Amino acid sequence: MALTVYKNAKIFTMDPDAPYYASGYLSVENGKIREIGPMAGYVRPEGAAETDLCGKVVLPGVIHSHSHFYGQFVRGIPLSTPMANWQQILGDMWWKVDKLLDDEMNYYSAMMGLIEGIEMGTTTYIDHHASPNHSIGSLECIEQAVREVGARAVLCYEVTDRDGSERCENGIRENVAFIKAHQGDREALVQGTFGLHASYTLSDKTLERCAAEASSLGVGFHIHVAEDRADVYDSYRRCNKHVVNRLEDFGILGEKTIAAHCVHVGPEQRAIFRRTGTMIAHNPESNMNNAVGIAPVWDMLQEGLCVGLGGDGFVYDSFKEIQIATIAQRVFYGDPRVMGGDACERLLYRNNFRIASTFFDHFGALRPGNAADFIAVDYVAPTPLHAGNLFSHLTSNFTGHVDTVVVNGRVLKKDGALTTVDREAVFAKCREHAERLWKML
């Protein structure tokens, strides 16, 4: 790629060594950041193309540490009866929907999630897929969508015993094949990990088998943990221990594992996460929408756990999500002092960098040598904006104002419009396949 300079921007790097440039530039070459610095003294490099950002706010691209592309088509879905609890939400909706998904639905639902995410500034997706009657090759369908849009993603397939031994085996095969096909190049935009549904749909035999497979591949897991109390109750019924203890016993936890949700965990379980280095993906809007609870994220952050922010496929707007996460924690703890700017930065950026860096090299903060994944927000601050008050502005006004999105040096959105795909044409196909899905329910 030719050298391109993005100049005249307010740059929040999320790099502790050089956190903020009130008026700065960022140069990109071969998918990497070559230089970053203040406009004072800037000289255009010979042969470089320039993009004048005219005072826009530049930030690292947003990471979703837990998403579900396959769930996109439930938006607006007709439901015959209200669902009163988490078990009904699963059994009466999600586990009916996922059985009907085919390759075209997998592809277009991923396209829908990716397009909406890119529009909101989300550049990296750690996705968790399920389509039990079309599992083999399903991750390739999603990968095709990721590559067409130009995003960055970590993909896995949800292994579960709930659909029988043959489909469980197919899920294991899909994970293993995809991981093997994507190992060895940590600079690539698509990576794989090992997906598991949740403890309450996994037998001891399956957990043992998956732990052995993942160990041989040198990978961790992406698994739902204690999202609802039902997961905890099931584990006590099975083996008289908390679900986190059960997963530790089977070798599922560890520094390469993402535990999504973790709503119903206490000090003992959080100590296990800390000891094993397990990473956590927090999904506040989804958790509250499903009425499963609010995770004790403030305690987790104070205890040094690596908690990143996801959306659970429910939302791809992390600026809105971090605002809701902050408010929910203050209500949960009854304390307006929790979740200040530093905690928001850890949740949205620093810890999500740590999670994504499990899979990608030279990734994270905006600094020379790192991947050129960044966004420009067209935001004219009505009050002073500086290094110390970014998150007050971000959580109030950044939604809907993402102007430019760059991933690995490639421009995916410019002047508010997508550059790699035809949004209207894709959404027309999404409507077609969503309607087809609804008719089969």
Side-chain angles (χ1 to χ4, degrees), residues 6 9-15 19 26 33 56-69 110 113-127 146 149-154 189 258 260 279 281-286 306-326 341 343-360 363-367 370-379 390-391 393-414 416 418 420:
Y6 297 83
K10 297 179 178 67
I11 304 176
F12 292 86
T13 68
M14 304 303 160
D15 178 356
L26 181 154
I33 297 170
K56 294 180 178 67
V57 177
V58 168
L59 299 159
V62 176
I63 301 160
H64 267 226
S65 54
H66 181 66
S67 67
H68 290 293
F69 291 140
L114 288 159
I115 286 172
E116 293 193 340
I118 292 297
E119 288 181 328
M120 295 295 182
T122 302
T123 55
T124 298
Y125 305 78
I126 304 179
D127 196 69
V146 172
V149 172
R152 189 183 297 271
V154 181
L189 291 181
I258 300 168
M279 302 171 290
H282 178 45
N283 306 276
E285 285 193 71
S286 174
C306 180
V307 188
L309 192 68
D312 202 29
F314 183 76
V315 64
Y316 291 100
D317 180 0
S318 287
F319 301 137
K320 177 184 174 187
E321 188 81 340
I322 192 65
Q323 178 190 40
I324 290 175
T326 299
C344 289
E345 183 179 343
R346 278 186 283 164
L347 194 63
L348 181 58
Y349 282 110
R350 278 184 271 161
N351 290 345
N352 269 352
F353 290 161
R354 159 73 179 87
I355 292 170
S357 294
T358 305
F359 310 98
F360 301 104
F363 185 85
L366 300 181
R367 64 165 67 104
N370 273 2
D373 289 18
F374 62 91
I375 64 175
V377 181
D378 190 3
Y379 173 64
L390 168 67
F391 283 91
H393 287 270
L394 180 152
T395 57
S396 301
N397 292 287
F398 279 23
T399 289
H401 294 286
V402 175
D403 175 84
T404 302
V405 176
V406 177
V407 175
N408 204 43
R410 183 185 182 190
V411 179
L412 309 189
K413 185 179 184 182
K414 184 177 181 181
L418 298 175
T420 58

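Since the structure is predicted, the reported quantities are computational estimates derived from the model, not experimental observations.
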For T13, what residues pass the side-chain hydrogen bond (donor to acceptor under 3.5 Å, both in side chains) criterion, not counting sequence neighbours? none
Quick check: closest heavy atoms across A151 and V407, and the distance to 0.1 Å? C-CG1, 4.2 Å
Here the gap from L394 atom CG to S318 atom OG, rounded to the nearest 0.5 Å, amounts to 9.5 Å
By side-chain contact (heavy atoms from CB on, under 4.5 Å), T395 pairs with (sequence neighbours left out) I322, Q323
Selection residues 116-127 - residue pairs positive for side chain to side chain donor-acceptor pair (under 3.5 Å), sequence neighbours left out: S67-D127, R75-E116, E119-R423
Pairing residues for K320 by the salt bridge (charged side-chain N to carboxylate O under 4.0 Å, His left out) criterion, not counting sequence neighbours: E285
For H66 and H68, take the angle between the two ring planes, folded into 0 to 90°, and tell me which bin it lands in: parallel under 30, tilted 30 to 60, perpendicular over 60. perpendicular
How close do F69 and L114 get, heavy atom to heavy atom, and via which atoms? CZ-CD2, 3.6 Å
Taking side-chain contact (heavy atoms from CB on, under 4.5 Å) as the definition, give me every residue that meets it alongside H393, ordered by chain and number, with sequence neighbours left out. Y379, A381, T383, L385, N389, F398
For the CD1 atom of I258 and the CE atom of M279, what is their distance to the nearest 0.5 Å? 5.0 Å
Taking side-chain hydrogen bond (donor to acceptor under 3.5 Å, both in side chains) as the test, write out the residues that go with H282, two or more places apart. none
Considering residues at least two apart in sequence or located in another chain, which fulfil the side-chain contact (heavy atoms from CB on, under 4.5 Å) criterion with A376? L53, K56, V58, T404
NZ of K413 to OG1 of T420: how many Å apart, nearest 0.5 Å? 11.5 Å
Taking only residues at least two apart or on different chains, which pairs with a member in residues 343-355 satisfy salt bridge (Lys or Arg N to Asp or Glu O under 4.0 Å)? D342-R346, D342-R350, E345-R350
Partner residues of T399 under the side-chain hydrogen bond (donor to acceptor under 3.5 Å, both in side chains) criterion, sequence neighbours left out: D317
D15: partners by salt bridge (charged side-chain N to carboxylate O under 4.0 Å, His left out), with sequence neighbours left out: R367
Between CD1 of I63 and CG of L348, what distance do you get to the nearest 0.5 Å? 8.5 Å
Checking Y6 now: which residues fulfil side-chain hydrogen bond (donor to acceptor under 3.5 Å, both in side chains) with it, not counting sequence neighbours? none
Find the distance between CD1 (I126) and CG (N352) and round it off to the nearest 0.5 Å. 7.0 Å
What residues form a salt bridge (charged side-chain N to carboxylate O under 4.0 Å, His left out) with D373, not counting sequence neighbours? R152
Which atom names give the shortest non-hydrogen contact between G364 and P60, and what distance separates them? O-CB, 4.1 Å
